Q: 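Have a look at this one before I ask anything.
Computed from heavy atoms alone, side chains included, the values below leave out hydrogens, waters and symmetry copies. One is the number of the first residue; the rest follow in order along the sequence. For ligands, and for the atoms within them, numbers begin at 1 and follow the listed sequence. Keep in mind that what you see is a predicted model, and the values were worked out from it rather than measured.
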Amino acid sequence: MGENIDDYLKDAMPEFRQQLARLVAIPSSSQEPEHVGDLLRIVQETASIARGYGFTTHILQSKGDPSENFVAGLVATLQVDPNAPWIIVYNHLDVQPEGEGWLTKAFLPAVTDEKIVGRGATDDKGPMLTTLHAVNYLRAAGKLKVNVALVHETKEEAGSTGFDKLIQESIDQQLLPTPHSILVCDTVFQGDNPAISSSLRGLLAAEVTVTTGTQAIHSGLGGGIAVNPMNVLTTVLASCYNMATRKVNIPTFYDGVPRIEGEAKLNLQKVADGFDLERYKRDLRAGACYRQSTLDALRRNWFEPTFEIHNYKGGLEGTKIPPMASAQVTMRLVGQQDPDAVFAYFERHLHHYLAQLDLLNVKLDVKKVKGSRAVSVAIDNPYVLAAADACEVGFGRKPVYDGCGGTIGALPVFQERFPQAPIVLLAISRVDDGYHAPNEEFKFSQAEKGVKVISDYLQRIATLPKLQP
Ligand SMILES: [Zn+2]
């Protein structure tokens with residue numbers, strides 16, 4: 001393997017392609033119980049690659065109900081010097097469900113010279129492997145001056161359930177040293193502008209079920225007497241969101257939502273001035289969109305909460321009045337919004353609204369599915385500045401400091417456990433890779449640039465001090 005990065009990439013990229021194809025072929029979907037065994041398989045496969053690059057690997061498995069636990073995780077360490085600082089590199093090895101609309105098979109990766117197409121290619125297996133190769137390049141060239149601890153979970157797409165336990169067990173078993181910093185490559189950038197994110201939104205997911213009876217009723221004989229649960233569900237959910245004002249109508253919902261004003265607004269305006277919103281919409285494959293300025297679009301995507309309805313169920317028997325209807329709801333959260341508190345506001349509002357409808361024998365159940373707080377990270381510390389300089393080396397330009405509308409449930413856990421360790425959110429994936437979409441892909445040019453950025457970053461941080469919390 002070459003001492004110089006270009007030589008290394010020339011040698012290593014054919015192997016990179018094969019490794020990534022093997023990883024993508026494992027259907028490690030964390031939201032579908034039938035794939036729970038694949039979560040262990042993807043950890044084992046990744047561990048074997050990491051061992052080949054000098055890591056000591058530990059595979060942790062949880063006991064009990066998989067839907068409430070971390071199932072399988074990888075903690076791997078590569079210590080080059082007992083006195084050198086430790087960095088935690090976080091990635092997730094699980095993927096979204098296959099979904100519809102694929103031109104190729106989601107778990108039969110299609111590899112060309114340019115890219116690989118398959119579920120998980122860019123979110124987050126490609127960036128994970130990119131990081132491993134960056135470490136391997138430095139190690140092989142004798143340039144690795146930081147100790148690296150990999151923390152790979154398999155429940156990110158399911159809300160990082162049990163991640164706290166994974167970290168606790170790793171600490172208890174003395175597998176995980178206290179890090180000086182944490183690197184996360186699980187966000188995206190637009191066009192040719194590399195990005196370092198300063199915030200991610202939190203997430204509250206809930207399920208709402210309305211039950212009105214035990215069997216379907218003829219809508220002619222019963223309509224006007226019997227209550228339709230689909231109508232009830234639609235009515236109570238519609239009361240939560242005003243599409244005209246684009247505001248969530250749940251009382252006290254906005255407690256803890258910061259205003260974007262002053263310098264923050266000026267910064268956002270600067271990003272908006274260089275942001276191609278139309279291209280972003282195309283990359284997202286977005287059809288209908290809100291009519292708004294680029295500034296408002298970014299503000300609402302990064303710094304405001306949302307209310308979205310998904311997966312309506314019920315009314316499967318033609319035009320009969322069904323006995324039951326349900327839907328899922330997600331709310332992206334920002335600032336200090338607390339998922340448990342927001343869930344309580346939501347539940348109280350639905351029951352209150354239903355009571356006003358004055359109906360007989362309607363049963364309303366609201367269940368919290370998952371919750372995670374919003375995260376903001378400082379972008380004015382030497383670690384972020386080092387990452388910005390590394391972007392110039394690897395991507396040829398300074399990064400944009402953006403927000404991210406998505407959620408990584410592991411980050412609040414890291415912030416609680418290691419408050420002194422700055423988290424750097426360095427994007428390797430691009431918006432047009434199709435996170436969570438059909439035909440998800442990862443471009444090998446991104447991998448090559450990513451290896452350059454990350455290896456440069458790891459060299460820069462070797463001499464940085466430990467920060468105070
Ligand atoms: Zn991800």
Q: Answer yes or no as to whether an N/O/S atom of D123 is found below 2.8 Å from the Zn ion (ligand 1).
A: yes
Q: Evaluate D192 against K449 for salt bridge (charged side-chain N to carboxylate O under 4.0 Å, His left out), listing each step before the verdict.
A: CA-CA 12 Å; D192 297 318; K449 290 175 190 167; 5.6 Å; no
Q: Assess E157: does it contribute an N, O or S atom lying under 2.8 Å from the Zn ion (ligand 1)?
A: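 Checking the Zn ion (ligand 1) against E157, no N, O or S atom falls under 2.8 Å.
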Q: Tell me, which N, O or S atom in D186 is closest to the Zn ion (ligand 1)?
A: OD1
Q: Could you check, using the six-membered ring where one of them is a Trp, whether F189 and F395 have ring centers closer than 6.0 angstrom?
A: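 When the ring centroids of F189 and F395 are compared, they turn out to be within the sub-6.0 Å range.
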Q: Does the ring center of F163 lie less than 6.0 Å from the ring center of F414?
A: yes
Q: Can you confirm if the NZ or CZ of R139 lies within 45° of the ring axis of Y53 and under 6.0 Å from the centre of its six-membered ring?
A: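 R139 over Y53 ring: no.
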